[in-house]
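Could you have a look at this structure, given as structure tokens, before my questions?
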Amino acid sequence: MHLPDMQHPPLAGNACECRLTYHDGTRRLVYCVDQEEPFPDGRLIVSRTNLGGFITHANEAFITMSGYTVEELIGAPHHILRHPEMPKAAFADLWTTIASGKKWHGYVKNLRKDGLFYWVYATVIPNVRAGVVVSYTSVRRKPSRRKINEMSDLYTKMLSQERAAQ
Amino acid sequence: MKLNFMVAPDFSPDRFAGWHMVNTLLQSRSGLQLHLLTPASAQEQSELLRRDAVDLIYANPFDAAHLIRDLGFRAFARPMGKPDEMVIATAAASPLKRLEDLRPGSRIAVTDNRDVKLIGLRLLEAADLTDKDLQWVLVETFQAGARLAIKGEVDAAFFLAEIYHTLSRITRSQLKILIESAIFDITHVLLAHQRVLSEVPAIMAALAGIGQQAADHEVLDALGIPKGFAVMQEEEAEFMVDLMDTLLD
């Protein structure tokens, strides 16, 4: 599914511009603002996708944090939240892990509709019904500042390696 | 046929009468004989389950996963408007102002409510704290945890939110909340063992009907579930179990 280009965030004159290419070959222009939206205390962000990674359920915290409406999220690919500062290797690991029926954990920097970002600690599990994987559930929790700093440094290195290899 | 109906031991003591009232109503309206079991601890609950002595159970979400996936229970109802949330609180006079002020080595009062501890541990990740970083002080009741926190014998205490908010006003005035979960998707569930599934429609009809007669509200208020119960589909329960699974580590 081809996502439309992001609209330039109205309140962010200094937004950086980037054209992302997703795993399915589709491309999208996104804008990033160097401003973090804090993860809401006490909440969990919950979503569910079908086997193709298209969103079928989003809880209230997901809708609020993403900045999109529920109508925009349902049916959209989960990579609608992909931040350009996330290395592709992290998502490749996610999909390889859950496709083999295992649980995946990882720290993710997400891109909001308004260009701001938010960090999560994500767990993705395959939903097994009668022995068959039918969908995936993703639950995101609030990460500590120490882990965010650590992962931010790691992802910066991974990203520069990926760019150098291109 | 007599069915054993067990209620998980994590309700406030003042709800005890409410469960007996519900049990009486369910019996009279379903025509089934129900024997109410109210184990005093998680260990006692486990022992009853091990003896295969339970037909119906009002289970906490942590136990629901094991009951559904491993022991052959099936969800059929859940309380409406009553998600399971937890509170981490400290003494009102404590220098701690927010969750991130807790440090490794902090003493935390905790009951044997595994779902409360699990959710609390997930919230503490934001403070960079794990199970092994903390000193756990096991207490019998949430009220005992509140007393330890007020006296400064622990840095904080874990509470089932519902119980925290029913503590006396004077107790709550001596505590302050560091964080309260707002997950919404996790609730207790009513489960039936496979061997009694044929009885579920009669029980569900009686359960869903509680609240439709004027006097029923007294029962639901006594139970702390004023909106009553709603049907829970199997997939809704599976979704909640999947969600709990993501919180295990």
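Keep in mind that this is a model prediction, so the values were computed, not measured. Just so we're on the same page: letters track the sequence lines, and every chain starts at 1. In what follows, every heavy atom counts, from backbone to side chain, and hydrogens, waters and symmetry copies are set aside.
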### Query
When you look at CZ of R74(B), are more than 12 heavy atoms from neighbouring residues, nucleotides or ligands closer to it than 6.0 Å?
no

### Query
Does a side-chain N-to-carboxylate-O contact under 4.0 Å join R48(A) and E235(B)?
yes

#### Entry: 4.5 Å side-chain heavy-atom contact, H105(A) and D249(B)
yes

### Query
Does the pair R145(A)/D128(B) count as a salt bridge with the N-to-O cut at 4.0 Å?
no

### Message
Taking the side chain as everything from C-beta on, heavy atoms only, tell me whether L44(A) gets closer than 4.5 Å to D185(B).
### Response
no

### Message
So for atom CD, which belongs to E140(B), do other residues, nucleotides or ligands contribute more than 12 heavy atoms lying within a distance under 6.0 Å?
### Response
no

#### Entry: Derivation and outcome, side chain to side chain contact (heavy atoms under 4.5 Å, CB included), residues D41(A) and L99(B)
CA-CA 9 Å; D41(A) 282 333; L99(B) 194 69; over 6 Å; no

### Query
Where does F39(A) contact chain B at under 4.5 Å (heavy atoms): side chain, backbone, both or neither?
neither

### Message
Does atom NZ (K103(A)) have a neighbourhood of more than 12 heavy atoms from anything else shown, all under 6.0 Å?
### Response
yes

### Query
Mind checking which of residues 110-125 of chain B sit less than 4.5 Å from chain A, heavy atom to heavy atom?
R122(B), L123(B), E125(B)

#### Entry: chain A contact via L247(B) - which portion, at a heavy-atom distance below 4.5 Å
both

## Note on the structure
The interface call for N127(A) against chain B, heavy-atom contacts under 4.5 Å, is both

### Task
Could you tell me which residues satisfy side chain to side chain contact (heavy atoms under 4.5 Å, CB included) with F54(A), sequence neighbours excluded, listed by chain and number?
M1(A), N50(A), P77(A)

### Query
Taking everything shown except D34(A) itself, do over 12 heavy atoms lie less than 6.0 Å from its CG?
no

## Note on the structure
Between R129(A) and D242(B), the two heavy atoms sitting closest are NH2-OD2, 2.7 Å

### Message
Please check if the number of heavy atoms outside L138(B) that lie under 6.0 Å from its CG is greater than 12.
### Response
yes

### Task
Using non-hydrogen atoms and a 4.5 Å limit, figure out which bit of R141(A) sits close to chain B: side chain, backbone, both or neither.
side chain

### Message
Measuring only between side-chain heavy atoms, which start at C-beta, is T137(A) closer than 4.5 Å to F239(B)?
### Response
yes

### Query
So, are E100(B) and K142(A) salt-bridged, with charged N and O less than 4.0 Å apart?
yes

